[in-house]
Structure formats: C-alpha cells, structure tokens
> 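My structure is below; once you've seen it, I'll send some questions.
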Amino acid sequence: MNFSFDPLLLAIATPLAVATAILLGLPKRFSIKLAYVGFGVPALVALWCWANFPADSGANYVFFHRYSTGLDSVGITLALGLNGVALPMFVLAGVVGLAAGLYAIQSNAERLKLYLMLLLVMQGGLMGVFASVDIFFFYFFHELALIPTFIMVGMWGGRDRSYAAMKMTIYLTAGAMLSLLGLIAIYVKSGSNGQTFDLIALRQALAADPIRVSTQKNIFGLLLFGFGILVSLWPFHTWAPLGYGAAPSSAAMLHAGVLKKFGLYGLIQVALPLLPEGARDWARVLAYLALGNVLIVGLVAVAQRDLKQMLGYSSVMHMGYAFLGIACFSTVGVGGVVLLMVAHGLSVALLFLLATSIHQRTHTLDMTEMGGLAQKTPVLAAFFVAATFAAIGLPGFANFWGELTIFVALWHYSAWMTAAAVAGVVISAIYGLRSVAAVFFGPSTEALNKVVAAHPVSDLTWREKVPALLLLAVLLFVGFWPKSLSTPLNSTLVASFHQLDAPRLASGR
Amino acid sequence: MSTELLQQAAASNQWLAITPELMLGLIALLLLVLELILPKGRHAVIPAVAIVCQAGIAAALAFSFNSAPVTTTVVFNGLLRITPDGQFLRLFFLVCSMLVCLLGTVCLPRQRMPKVEFYHLVLVITAAMMLLAQSNHFVLLFVALETVTVGFYILVSYFRESPLSLEAGLKYLVMGALSSALLLFGIVLLYGVAGNQALPSASADSMNFDHLRDFLAANPGNFLASVGVVLVLAGVAFKIGAVPFQIWIPDVYQGAPTPVTAFLAVASKAAGFAVLLLLTQRVFAPYQSLVVPVLGVMAGATILFGNLAALTQHNVKRLIGLSGVSHAGYLMIGVIAAYREPQAVGAVWFYLSAYLLASFAVFGVMAHVAGRNDADQELEHYANLVREQPFLGAVLAIGLGSLAGIPPLAGFMGKLLIFVGAFKAGLYPLLIVAICGVVVSIYYYFGWIRAAFFPSGLPAEADASAANGAVPARTPVGGWFRVALFALAVGSVLLGFYPGGFGQWLLSR
C-alpha cells in the first residue's frame with residue numbers, strides 16, 4: 001500500500017473524522033471550531049487541486065491512489081483520482097460544502113452538534129463521490145451522503161417534513177437501487193477474465209471487447225431511469241420540490257447543489273463511455289423527457305407562490321438542460337453539461353441560502369405576502385438579484401457558458417428542440433424576475449408590515465454574507481474565465497470520449 | 001468404564017473433532033450445578049460464567065483456525081463432515097449464543113421466572129446447531145434438528161405467566177411438529193428409494209449424504225426421490241420461515257421472550273440456511289432442475305410477502321419477524337445462485353454475518369425499550385428515544401439501516417454480493433423482485449427510525465399517553481451491554497466498507 005500524500009483522501013477523511021469526533025461526544029465549543037476545519041480542508045484541497053491540475057491530463061487520472069479494503073477478490077478497491085470531468089465537480093463539492101457549512105454554523109439550529117455532524121458526513125461523502133475511480137465506491141459515497149439528507153429533512157425540516165422525508169427516501173432509494181442494478185450489470189458483463197468495479201480497467205476491457213448492443217440497451221435503460229430519478233428527470237421529479245421545500249437550508253444547498261449531480265455525473269463518467277450504443281439508442285427518449293423538465297416543470301415553477309417550492313421546481317427545470325446536453329451525445333454537449341452542473345450547483349445553493357435568510361426576516365415563504373424588502377435589506381436584495389440572473393443564464397455568470405454550449409450542441413442534434421429549450425430560458429426569466437419583483441420591490445404587503453413591526457428587519461449579517469460571497473465569487477470567476485475549467489475538461493473529453501461525435505447525429509436520426 | 005474404550009477413542013481421535021460441542025454441553029451442565037451450590041444472592045454470576053466460557057471456546061476456535069487451515073475431514077463413520085464452512089458456522093452460533101445470553105441478563109430479571117435453565121437451554125441448542133451445520137448424514141441431521149426444535153419449544157413459552165408466550169409456544173409446537181413430520185417423511189422416502197437394490201447406485205447406508213448424492217446422480221428424475229427432495233426442502237423451509245411456511249412467524253416472534261426471538265431470528269435462521277446449503281450444494285445437486293424452480297418461486301414469494309406484510313405492523317417484534325422473512329428470501333436467492341456461482345456461498349455467509357450484527361443491535365435496543373410485558377412492544381414506545389437515550393437511538397439507526405441495506409453499512413455489502421451472485425447466475429426475475437422488496441422495506445424501516453428520531457407532530461398527545469403509563473419505562477444500559485452494542489454497531493459499519501481480512505477470507509474460499 002502506498003502511503004504517500006494523498007490530497008483526495010485528506011479531503012474525504014477530514015470531514016468524516018471530525019464527524020466521528022463530534023459523535024463521540026466532543027463539547028459543543030470545540031465541535032464548532034473543528035467543524036470549520038472539517039468544511040475548510042476539503043474546500044482548500046479542492047482549490048489546490050484546481051490550481052495544480054495539468055491542462056493536458058487527457059484520459060489519465062491525476063492525484064491517483066489506490067487502497068485495498070479487503071474486497072480485492074471481488075474486484076473492489078478504493079481508487080481515488082481526478083480527471084477533467086471530475087475536477088469541476090470536486091471543486092463544486094468543496095466550495096458549496098464550505099458555504100453550506102459556514103451557513104449552518106451561523107444558523108444556530110436546534111441540536112447544532114448533530115446537525116453539523118450529519119452535514120460533515122454528507123460533505124465527506126460528496127468529496128468521495130467525485131474523487132472515486134471505482135464505481136462501487138462512487139455509489140457507496142453517494143449513499144453515504146444521501147442518508148444524512150433524509151435525517152436532516154426529517155428532523156430539522158419545515159412544513160410537511162415527515163411526509164417529505166419519507167417521499168424523498170422512497171424515491172431516491174428506488175433510483176439508487178435501479179442504478180445499482182445497472183452498475184452491477186456492467187460489472188458482471190465486464191469480461192470473463194476477472195470482473196472489476198475499477199473504471200479504468202472497465203474502460204480498457206470494454207473498449208477491447210464491448211458489451212453486446214442489446215445488453216447495452218438494457219443496462220443503459222436501468223442506469224438512465226435509476227440516475228434519472230436521482231436527478232429528478234420528468235416525470236419522476238415530484239420528490240424534489242417537496243423535499244427542497246421542507247429541507248433545512250444547508251441540506252438543500254448540498255443536495256440540490258451537489259449531490260443531485262451524482263446522476264448526471266454517473267451518466268457522463270460511467271454510462272456514456274462504457275455503453276455508447278445503449279446511450280445512442282436511448283437518446284431520443286431522454287431528449288423528450290428532458291423537454292418535459294424544461295417546459296412542463298418550467299411552467300409549473302411559474303405558478304408557485306412559495307419561494308422555496310419555486311426554487312425547487314426551477315432546479316428541476318434546469319436539470320432538463322443538462323439531460324438535453326447528454327442526449328445530444330457530443331463532446332461539446334457533455335462539456336456544456338459539466339459546466340452547467342457547476343454553475344447550477346453554485347447558483348442554486350446561493351438561492352437556497354438567500355431564501356432561508358429571507359424566510360428568517362419575513363417569517364413566511366409565500367411570495368404574495370412579501371414585497372418591498374429591497375428598501376430594508378439592500379444587500380440581501382442585491383445578492384438575490386445576482387443569483388437570479390445567474391440562474392437565468394445571463395452572460396458574466398458561469399451558467400451562461402453551460403447553457404450556451406448545450407444549445408450549440410443541441411442545434412446539431414435537433415433544431416426544433418433547441419428552439420423549445422431556448423423558449424425555456426424565457427420561462428425561467430419569467431418566474432425568476434417575478435419572484436425578485438414580488439419579494440423585493442413594489443409596496444410591502446400588510447402581512448409583511450405586521451411581521452416587520454413584530455420583528456425588526458436587519459440586512460444580511462457578515463456571517464451570512466461570507467458563504468454567499470464565496471458562492472458568488474466562484475460563479476463570477478468561472479463566468480469570466482471559463483477556460484480554467486474547460487481546458488482540462490476538454491482535454492479529458494477529447495481523449496476518453498472518442499465514441500462521441502461518431503458519424504450519426506447531425507440529422508437527429 | 002473400561003480404559004480400553006477410552007484408549008480406543010483416543011487413538012481414533014475422533015472425539016476431538018467435536019470438542020467445542022462437548023465443551024458447550026459440559027458448561028450447560030456446569031450452570032445447573034452452579035445453581036445448586038451457589039448461594040441465592042450469587043446467582044447473577046451464572047450468565048457471566050456462561051458468556052465467559054463461550055467466549056473462551058470461541059477464542060480457542062478462532063485461534064486454532066488461524067494457526068492451521070481446516071481441511072475437510074469426515075468422522076464418525078460418515079456422520080460428521082468437518083469443513084471450513086462448518087468452522088465458520090460454529091463461530092457464528094457461538095457469537096449468537098453469547099449475545100442471546102447477554103440479552104437474557106436484561107430481559108429475564110423483569111419476570112419472576114427460574115433463570116438458569118434459560119442459559120442451559122441456549123447452550124444445548126447452540127451445541128446442537130453446531131452439529132447440525134456439520135452433519136453428513138440424515139440421522140444426525142434429524143437428531144440435531146430435533147434437539148434444536150425441542151429446546152425452542154421450551155424457550156418460546158419460557159415466560160409462562162404471559163398468555164401470549166404460551167400461545168406462541170403452542171403454535172411453534174404444532175408447526176414445528178408438522179415441519180418435522182414433513183422432513184421425516186421426505187427422509188424416509190429418500191431412504192426407501194435409495195435403498196432399493198433394483199435401482200442403479202443403490203446403497204445400504206442411503207441416508208449418508210455422499211451415498212444419496214451418488215444415487216440421485218444415477219437416477220435423474222426419479223418420482224419418489226423427487227417427492228422426497230421437495231418434502232425435505234419443505235421441512236427446512238419451515239425453519240427459515242420461507243413462504244408458504246411462514247405462517248407461524250409473526251405470532252411466535254411476538255409471544256416469545258425477546259432474547260428467544262433474537263435467537264430464532266438469527267441463529268435458527270442461519271442453521272436453516274446452513275442445512276439448505278448443505279443439501280442443495282451437495283446432496284440434491286443432481287436434482288438441480290427440480291430444486292431451482294421450487295426454491296426460486298419460494299424466494300420470490302418470500303421477499304414479496306415479508307415486505308408487504310411488514311408494512312402494516314405496529315408491534316416491532318412482529319415487524320422484525322416479517323422483515324426477517326424477507327431477509328430469508330434474499331438469502332434464498334444467494335442459495336440458488338450458488339448452484340452456478342460457488343462464490344455466492346461466501347455471499348450468503350457474509351449476508352448472515354451482517355444480519356447477525358444488525359439484528360442483535362436492534363434486539364439489544366428492543367430489550368431496553370421493552371417493559372415488563374415483553375410481547376407489548378409498539379412503535380409508539382420509541383417516541384423521543386434519541387432525545388432520552390441518544391446511544392440507543394444511534395445503535396438502532398445503524399442496525400435498522402444495515403437491515404435495510406443502506407451503505408456504508410454491512411447489510412448493503414451483503415445485498416450487493418448476493419445481487420452480484422444472482423446477476424452472474426442470470427436470475428433476472430428474482431433480482432427485480434428483490435429490488436422491489438428493498439424499496440418497499442425502506443418504508444417500514446424508515447417508519448421505525450422516524451418513530452425514534454423525528455420529533456412527533458403532536459407533542460400534547462404523546463405527553464398524555466406517557467402520563468397514562470402506556471409507554472413502559474426504559475431500562476438504562478449497563479456497562480457490558482454498552483460495550484456489546486457499541487461493538488455491534490462498529491462491526492456493522494466496518495464490515496460495510498472495510499471488511500478487510502474477514503471479508504477476504506469469507507469470499508475467497
């Protein structure tokens with residue numbers, strides 16, 4: 001075993017170690033101090049990896065390490081590494097994790113120690129998901145991060161928490177089980193000489209000896225719907241708005257921002273390269289369902305009065321763009337999806353953070369009972385407007401690049417779908433701007449006046465500003481300099497996704 | 001007693017092969033002697049003696065195991081067959097028995113009952129189970145099985161002041177007698193047909209597994225033998241609680257004292273599977289085309305029945321009994337898969353180990369939450385458990401999570417290995433049933449966790465019921481019990497992601 005310095009293991013182990021320490025009964029004061037370390041180290045490691053990532057990594061994994069866990073005989077090892085696709089997600093997980101952690105520490109939630117502990121477990125799992133090269137551990141870390149979500153929704157959630165937690169649990173378990181079945185299928189079919197869960201070995205084995213096309217179709221179907229449920233693909237999305245509406249802010253930030261991307265990431269990193277024929281076959285179905293996400297769920301979002309529900313639906317809607325990018329099956333499209341995942345993760349985390357801050361001031365999430373908040377809380381208003389613009393996809397924010405590249409790729413796939421998808425941007429502008437108007441501008445409603453009279457409103461405190469600033473800064477940085485992420489991304493996609501862009505799709509079949 | 005006989009025995013050295021069983025029998029007698037000679041005030045030391053002595057045997061077994069690998073040997077004229085699997089099961093049953101004794105120290109003092117006989121019976125049953133798992137002859141198999149069953153008749157109705165316990169005892173007696181009759185009838189048919197000198201490969205000692213196997217291989221599709229095989233399987237299915245022989249489970253599990261329920265749920269079930277594997281892997285291997293469909297239909301029905309029936313339960317003992325039925329179904333998938341994939345045997349052992357750790361963790365918590373009326377353990381009694389006894393809450397969550405098969409816990413690895421085996425063996429319909437079962441099971445396991453963890457929406461009502469004394473007072477956790485529960489929880493976590501040498505050993509045989 002190799003004991004050299006492994007930044008990725010450090011990023012995974014630190015939050016888990018801190019969580020264990022808290023579980024074993026650390027006093028509250030130290031728990032909070034240590035929690036800063038638990039959230040800070042992964043973020044720093046992620047940024048360090050970003051800074052030191054070679055531009056031409058190609059298909060190779062950087063920072064690669066392998067550890068045995070006693071399951072070598074069934075082809076399971078803990079293999080950690082980053083490639084150009086994993087790096088952006090790893091950075092996303094680190095940054096959103098730090099922001100969610102800081103917001104949680106200042107939130108003064110009831111039973112704060114337990115809350116922080118669960119959040120740290122989630123953070124450790126998230127870092128592990130995107131650092132894993134072994135698909136067993138990829139799945140494993142996802143579940144590790146998922147369990148605390150259920151508990152946090154159930155214990156600290158808002159309205160309907162018990163129902164929301166139960167619904168989320170059942171939906172997500174169903175999705176996880178389907179995708180597990182798909183992953184086992186890949187493992188079992190991965191060749192006669194020793195099955196393995198190792199992604200590198202799988203790629204080599206399946207490049208030399210691909211799975212039969214009919215089998216590929218079946219397996220991809222399992223993965224598509226399994227991962228699809230996890231990413232809230234229409235019509236399996238109903239858990240998401242409900243869950244996010246009820247979830248405590250930090251859990252919603254981490255789940256909607258990062259953990260949900262697991263399914264998309266799995267499709268890109270596992271399903272597309274290993275099952276190209278299956279993906280080709282399912283692309284059309286996926287595209288139609290994704291349009292359902294964009295148009296139908298988009299319109300549903302317009303109809304929402306509850307701010308968090310609206311954000312939940314909007315997050316479901318944006319997943320539609322990501323699915324469209326995957327459906328068009330090209331390097332450009334997949335690259336766009338990765339950029340969009342990062343951008344969406346940052347912006348939706350920011351929006352959930354701000355929505356909770358708004359809720360604390362207005363004591364309601366009903367947008368018809370707010371209004372004119374901008375005069376009382378100008379900084380909060382500025383942040384919210386910026387986050388909304390980012391979510392709509394205005395240039396200058398990272399989201400713009402993600403959506404733009406997806407539209408470019410989609411144009412090659414199907415022109416009318418592109419038109420429909422672009423119409424979706426208008427929908428998102430409608431509900432986004434309407435929510436800004438309803439919450440911050442116009443005359444303040446009577447209901448709000450009553451609340452304000454009872455609880456004087458103050459602007460964002462510094463402890464709320466810091467995590468918001470962190471998210472906004474990264475969002476703008478990627479928006480103005482997307483090359484920092486797109487260069488390694490492109491290098492990996494070109495080198496390892498050569499099945500994409502095969503002669504085919506310009507006609508859209 | 002003539003010394004010649006002793007010398008002969010020593011020379012043939014065969015008694016050494018069953019040293020652990022002999023030791024257990026001696027300890028069982030020692031406990032009765034201790035009760036006679038110790039003053040009444042010191043009787044509390046008796047369970048401690050039982051546990052410590054068993055720990056000694058377990059340590060000696062594990063040590064001898066480590067120093068010299070077990071080679072398969074047949075002793076006592078083909079009655080017993082010492083195998084590595086048998087060694088594993090010996091240890092397994094010893095651990096079960098120690099934990100049952102430990103549970104007894106919590107549950108028994110609440111009743112006015114003779115106590116020592118309980119430990120005596122547990123030890124005798126354990127010794128019989130060990131012999132059962134290593135039997136190589138239907139005579140030994142039947143005698144050992146009857147010793148186990150008769151012991152359980154007494155244990156199930158041990159709380160003789162409770163009508164439910166007596167009812168459970170009667171039900172178990174009737175059902176057990178029926179199953180013994182079926183088994184015996186099957187054995188007799190096999191014995192008769194295999195002893196028929198007119199048929200090829202007939203044997204004078206046709207109850208010997210090796211002889212019977214040869215006979216079955218030489219006479220494929222013999223009608224009488226087929227009936228015998230099905231009847232023997234039916235008799236074993238009673239023990240593991242597979243559909244359609246699961247009828248007794250809910251009532252017996254509810255009425256039996258909690259330690260006995262645990263003993264039934266884990267050790268008795270494991271013994272059933274040990275026998276099932278012995279039979280299917282060796283004796284009935286030639287009749288695969290008959291055994292696989294029979295077991296396959298049973299496994300599917302068992303999973304569905306167990307999970308669906310558990311959905312509506314409010315009594316936790318019934319709930320865990322019915323969930324145990326579904327676990328029997330998953331294990332049966334492993335048994336069927338083992339026909340084509342010998343590695344699946346390791347998966348079954350792994351699953352049983354995970355099931356042992358998780359079940360005893362849950363039963364340990366149940367023993368502390370239960371009041372004087374042992375049969376009355378409702379989900380509502382778990383309200384606010386995590387607030388009042390966070391340690392028990394955490395152990396319960398880990399145990400239930402592992403039973404539900406949630407990573408990173410051991411139950412997940414068990415299910416994964418079983419599914420992998422089933423996939424390799426091509427049991428797709430059963431896999432689909434199993435996945436559905438897992439998703440359904442989340443509902444009731446989660447409901448239990450919800451009862452213990454999530455703040456109830458109706459605090460006033462909960463307080464009222466507490467004031468009425470509906471919720472029994474919880475027993476504080478003693479020092480040794482705390483250590484044991486902690487070990488079980490840690491074991492459940494560790495086995496989940498770092499099975500290490502243990503996993504390696506289990507899977508590589």
Side-chain angles (χ1 to χ4, degrees), chain A residues 16 20 23 25 67-76 78 110-111 114 121 125 128 136-137 139-147 150-151 153-157 160-163 165-166 168-178 180-181 183-189 195 197 218 222 226, chain B residues 341 343 346-347 386-387 390-391 394 397 401 404-409 412-413 415-417 419-426 428 431-432 434-443 445-447 449-450 453-457 493-509:
Chain A
L16 294 180
T20 314
L23 180 69
Y67 308 92
S68 166
T69 61
L71 290 170
D72 305 25
S73 60
V74 282
I76 296 173
L78 176 59
E110 200 188 342
R111 300 170 67 83
L114 185 59
V121 171
F136 169 78
F137 274 99
Y139 180 86
F140 173 91
F141 280 123
H142 167 257
E143 294 289 298
L144 184 63
L146 201 52
I147 308 311
F150 304 145
I151 303 178
V153 173
M155 288 185 76
W156 287 273
D160 288 343
R161 59 168 170 250
S162 209
Y163 175 64
M166 182 74 99
M168 256 180 116
T169 312
I170 291 174
Y171 261 84
L172 296 184
T173 310
M177 277 294 145
L178 279 181
L180 177 65
L181 215 51
L183 296 179
I184 295 179
I186 293 181
Y187 164 79
V188 172
K189 302 286 176 196
Q195 279 125 348
F197 276 110
N218 292 339
L222 282 175
Chain B
E341 273 297 317
Q343 219 187 20
V386 78
R387 269 167 206 276
F391 175 72
I406 291 171
L409 303 168
F412 167 69
M413 270 314 296
K415 285 211 171 73
L416 179 79
L417 292 171
F419 289 175
V420 166
F423 232 115
K424 286 187 185 165
Y428 303 118
L431 268 174
I432 292 170
I435 292 286
C436 295
V438 170
V439 175
V440 172
S441 75
I442 293 291
Y443 180 84
Y445 286 124
F446 192 81
I449 291 185
R450 187 164 68 165
F453 271 71
F454 299 168
S456 66
V493 176
L494 263 190
L495 201 56
F497 73 98
Y498 195 87
F502 179 69
Q504 202 113 14
W505 175 79
L506 264 188
L507 296 172
S508 61
R509 283 161 321 100

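Reminder, nothing fancy here: chain letters follow the sequence lines and each chain counts from 1.
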> What's the spacing between A:Met177 CE and B:Ile442 CD1 if we round to 0.5 Å?
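Answer rounded to 0.5 Å: 6.5 Å.
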> So which of A:Ile184, A:Thr173, A:Leu114 has the biggest tally of heavy-atom pairs under 4.5 Å with chain B?
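Top count of heavy-atom pairs under 4.5 Å with chain B: A:Ile184.
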> Side chain, backbone, both or neither: which part of A:Ala176 has a non-hydrogen atom closer than 4.5 Å to chain B?
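Contact with chain B involves no heavy atom of A:Ala176 at all.
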> Heavy-atom cut-off 4.5 Å, strictly under: side chain, backbone, both or neither for A:Ile147 against chain B?
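The side chain, not the backbone.
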> Under 6.0 Å between the ring centres of B:Phe412 and A:Tyr139?
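Under 6.0 Å, so yes.
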> Which of the residues B:Val420, B:Leu431, B:Ile432 is involved in the greatest number of heavy-atom pairs with chain A at under 4.5 angstrom?
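Of the options given, most contacts go to B:Val420.
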> What's the spacing between B:Ile406 CD1 and A:Leu146 CG if we round to 0.5 Å?
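One gets 9.0 Å once the value is rounded to the nearest 0.5 Å.
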> Are more than 12 heavy atoms from other residues, nucleotides or ligands located less than 6.0 Å from atom CZ of B:Phe391?
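For B:Phe391, atom CZ is crowded (more than 12 foreign heavy atoms under 6.0 Å).
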> Give the minimum heavy-atom separation between B:Leu495 and B:Met413, together with the two atoms involved.
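Heavy-atom minimum between the residues: O-CG, 3.9 Å.
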> Give the member of A:Ile170, A:Leu144, A:Leu181 that has the highest number of heavy-atom pairs under 4.5 Å with chain B.
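Heavy-atom pair counts peak at A:Leu181.
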> Look at the rings of A:Phe137 and A:Phe141 and say which category their plane angle falls in: under 30° parallel, 30 to 60° tilted, over 60° perpendicular.
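Plane angle between 30° and 60°, so tilted.
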> For A:Phe150, is it the side chain, the backbone, both, or neither that has a heavy atom closer than 4.5 Å to a heavy atom of chain B?
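Both parts, backbone and side chain.
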> Please flag which part of B:Ile449 lies under 4.5 Å from any non-hydrogen atom of chain A: side chain, backbone, both or neither.
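No part of B:Ile449 comes within 4.5 Å of chain A.
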